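To start, the structure itself, in structure tokens.
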Protein chains: 2
Amino acid sequence: MGGTKLNLTTLESLSEAAECLRILAHPHRLRIVQMLLQGDYTVGELAAACEIPSPMASEHLRLMQRCGFLTSQKEGRKVYYQVAEPHLQDILHCIESRFGVEAAT
Amino acid sequence: MGGTKLNLTTLESLSEAAECLRILAHPHRLRIVQMLLQGDYTVGELAAACEIPSPMASEHLRLMQRCGFLTSQKEGRKVYYQVAEPHLQDILHCIESRFGVEAAT
DNA sequence: TTGACATGTCGTAATGTTCCGATATATTAA
DNA sequence: TTAATATATCGGAACATTACGACATGTCAA
């Protein structure tokens, strides 16, 4: 004891982490997660907030659902999505503290 | 007042954030940042810790330096890198709390 | 000067990602 | 049933990323 200790995450775990970050690393997916952390929304509502067509939002949502970030439930012909991975809250807070956040009208 | 308020980051800022996340989203770059948050290291030391050849580590370092994450200083024929962006600490903490961290020998 | 070492840079092939149009499915209303 | 709405999926073109070999530069020791 006495030298400088180095605390490392295994390369295997960092590969997992990198995969999660890559999935998150898209402006529309970040907005989707940011919204879903504050409530449940449909594909159409999320698409409108991202200013993209619904089919593209649907693809982003499918990607995030397959990796366990989100879950969904169908109500009539609408589908509501929710955040399933609690750690997303933490990362979004980091992003918001660095890049800002404003109350939407 | 009274409705459900939605706090959003602008799509422009989220694009910046996504760019940063994409740069971070690589296992070797994550390990490099994790090490540099705990001290200064040379290209060769970082390459060894990532189990990659030095030229590849050099490319990762150049990428992270160009986007402002890192700075470097030359000492003889070695180059030491440091973390320049303080928010990296926060994100790494998120990753470590989710994916674990162990004391290296 | 020569040789060894540490780092940096350049092409490029392989791979992955993003976006878009077209189409498919499912649900509700008329 | 038909039409309209909401969501999902598919194929492919355009673009970005990664890893690797080869080479270039700069520094030190002998």
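Chain letters run A, B, ... following the sequence lines, proteins first and then strands; every chain starts at 1. These figures come from a predicted structure and were not determined experimentally.
- Of the candidate nucleotides dT27(C), dC10(C), dT17(D), dT17(D) has the atom nearest to the side chain of Arg22(B).
- Counting only distance, with no hydrogens or angles, the side chain of Ser58(A) and the backbone of Ser54(A) share no donor-acceptor pair below 3.5 Å.
- When the P atom of dT17(D) is taken as reference, atom NE2 of His60(B) falls 13 Å away, rounded to whole Å.
- Proximity note for Lys74(A) (side chain, C-beta onward) versus dT27(D), dA26(C), dA8(D): the nearest is dA26(C).
- The distance from atom CE of Met56(A) to atom P of dT17(C) is 17 Å, rounded to the nearest whole Å.
- Residues Ala57(B) and Gly76(A) both approach DNA chain C. Their nearest nucleotides, taken by heavy-atom distance, put Ala57(B) toward the 5′ side.
- For Arg62(A) and Leu63(B), each mapped to the nucleotide of DNA chain D holding its nearest heavy atom, the one lying further toward the 5' end belongs to Arg62(A).
- Of the side-chain N and O atoms in Thr42(B), one or more sit less than 4.0 angstrom from OP1 or OP2 of dT7(C).
- Checked against side-chain hydrogen bond (donor to acceptor under 3.5 Å, both in side chains), His28(A) has no partners two or more places apart in sequence or in another chain.
- The minimum heavy-atom distance linking Gln65(A) with Leu70(A) is given by the pair CG-O, 3.5 Å.
- Taking side-chain N and O atoms only, Arg29(A) has a distance below 4.0 Å to OP1 or OP2 of dT18(C).
- For the OP1/OP2 pair of dG8(C) and a distance below 4.0 Å, the side-chain nitrogens and oxygens of Tyr81(B) include at least one atom meeting the criterion.
- Distances shown here put a side-chain N or O of His26(A) below 4.0 Å from the OP1 or OP2 atom of dC19(C).
- Proximity of Tyr41(A) to the phosphate of dT7(D): no side-chain N or O atom is located under 4.0 Å from OP1 or OP2.
- In this structure, CD of Gln73(B) is placed 13 Å from P of dG8(C), rounded to the nearest angstrom.
- No more than 12 heavy atoms of other residues, nucleotides or ligands sit less than 6.0 Å from atom CD of Glu12(A).
- Of the candidates dT9(D), dC10(C), dA19(D), dC10(C) carries the atom nearest the Glu59(B) side chain, counting heavy atoms from C-beta on.
- Set against dT9(C), dT5(D), dT7(D), the side chain of Val43(A) has dT7(D) as its closest nucleotide.
- Considering only the side chain of Arg77(A), dT5(D) comes nearest among dA22(C), dC5(C), dT5(D).
- Between Ser58(A) and dA6(D) there is no side-chain N or O to OP1 or OP2 distance below 4.0 Å.
- Judged purely by atom type and a 3.5 angstrom limit, Arg31(B) uses its side chain to pair as donor or acceptor with the backbone of Ala49(B).
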